[in-house]
Amino acid sequence: MEKELAVITKEQIEKINSVREKGGKIIAVGTTSVRTLESAAGEDGKIDEMNSKTDLFIYPGYRFKMVDGIITNFHLPKSTLFMLVCAFIGTEKTHALYKEAIKENYRFYSFGDASMLLRGCRERTTS
């Protein structure tokens, strides 16, 4: 897992912690944002200022402390970022999602189609 620069300013901390304190959801745009927020998150659910590199490797079994949703593209299978998505929504759901994306000819990788993933959402069922 490569290190990435992670910067969170005091102003951003105030906004993020305020949203969390009011019961709002934290939606990260991109996997770097996920790694940054999770690296800065304490066990109390608040984040601290950060201006360093993160080497946080998120894989199935990781317990998310800060991020409630992710907007991200479809990552290459067997990549560390695919594992991050598996950790977030579950391996089985991720494989089903990717199978559907392949079936529907979604574009993958850097300039591919995006998805919004939310923790705790149940699959829709038809009756």
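Positions are given from 1 along the sequence. Fair warning: this is a prediction, and the values are worked out from it, not measured in the lab.
- I8 contributes atom CD1, which lies 5.0 Å from atom CG of L37 (distance to the nearest 0.5 angstrom).
- Screening residues 67-84 for salt bridge (charged side-chain N to carboxylate O under 4.0 Å, His left out) gives R20-D68, D68-R119 as the qualifying pairs, with residues at least two apart or on separate chains.
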task: Test T31 against H75 for side chain to side chain contact (heavy atoms under 4.5 Å, CB included), laying out the working first.
output: CA-CA 10 Å; T31 54; H75 303 286; 3.6 Å; yes

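- Here the side chain of Y106 pairs no donor or acceptor atom with the backbone of A114 at under 3.5 angstrom.
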message: Run T94 and F88 through side chain to side chain contact (heavy atoms under 4.5 Å, CB included) and show every step you take.
response: CA-CA 9 Å; T94 303; F88 194 73; over 6 Å; no

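- The side-chain contact (heavy atoms from CB on, under 4.5 Å) search around E92 returns none, not counting sequence neighbours.
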task: Go through the steps to decide whether K65 and R63 satisfy the test side chain to side chain contact (heavy atoms under 4.5 Å, CB included), and finish with yes or no.
output: CA-CA 6 Å; K65 299 174 283 209; R63 187 180 67 78; 4.1 Å; yes

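- Summarising the geometry, atom CE belonging to M83 is positioned 8.0 Å from atom OG1 belonging to T91; distances are rounded to the nearest 0.5 Å.
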Return a table of donor-acceptor pairs under 3.5 angstrom between the side chains of residues 47-60 and protein atoms on other chains or two or more places apart.
residue, atom, partner, partner atom, Å
T54, OG1, S39, OG, 2.5
T54, OG1, L56, N, 3.1

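- In this model, a donor atom of one side chain and an acceptor atom of the other lie less than 3.5 Å apart for E38 and Y62.
- Listed here is the closest heavy atom pair of L97 and F74: CG-CE2, 3.9 Å.
- Under the 4.5 Å side-chain contact rule for hydrophobic residues, L5 and V34 do not share a cluster.
- At a threshold of 4.5 Å between non-hydrogen side-chain atoms, the residues R35 and L84 count as touching.
- Across all their heavy atoms, Q12 and V7 have their closest contact at OE1-O, 4.0 Å.
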message: Determine whether F82 and H95 satisfy the following criterion, ring-ring contact (aromatic ring centres under 6.0 Å, His included), listing intermediate values before the conclusion.
response: CA-CA 10 Å; F82 182 83; H95 282 282; 5.5 Å; yes

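- No more than 12 heavy atoms of other residues, nucleotides or ligands sit less than 6.0 Å from atom CD of E11.
- No more than 12 heavy atoms of other residues, nucleotides or ligands shown are found within 6.0 angstrom of NZ on K46.
- Using a 4.5 Å heavy-atom cutoff, the side chains of N73 and S115 are not in contact.
- Hydrophobic cluster membership is shared by V29 and L118, with clusters built from Ile, Leu, Val, Met, Phe, Trp and Tyr side chains linked at under 4.5 angstrom.
- Atoms CD1 and CG, on I70 and L117 in that order, are 6.0 Å from each other to the nearest 0.5 Å.
- Note on E104 versus K99: no salt bridge recorded, every NZ/NE/NH1/NH2 to OD/OE distance being 4.0 Å or above.
- For S18 and E21, the side-chain atoms include no donor-acceptor pair closer than 3.5 Å.
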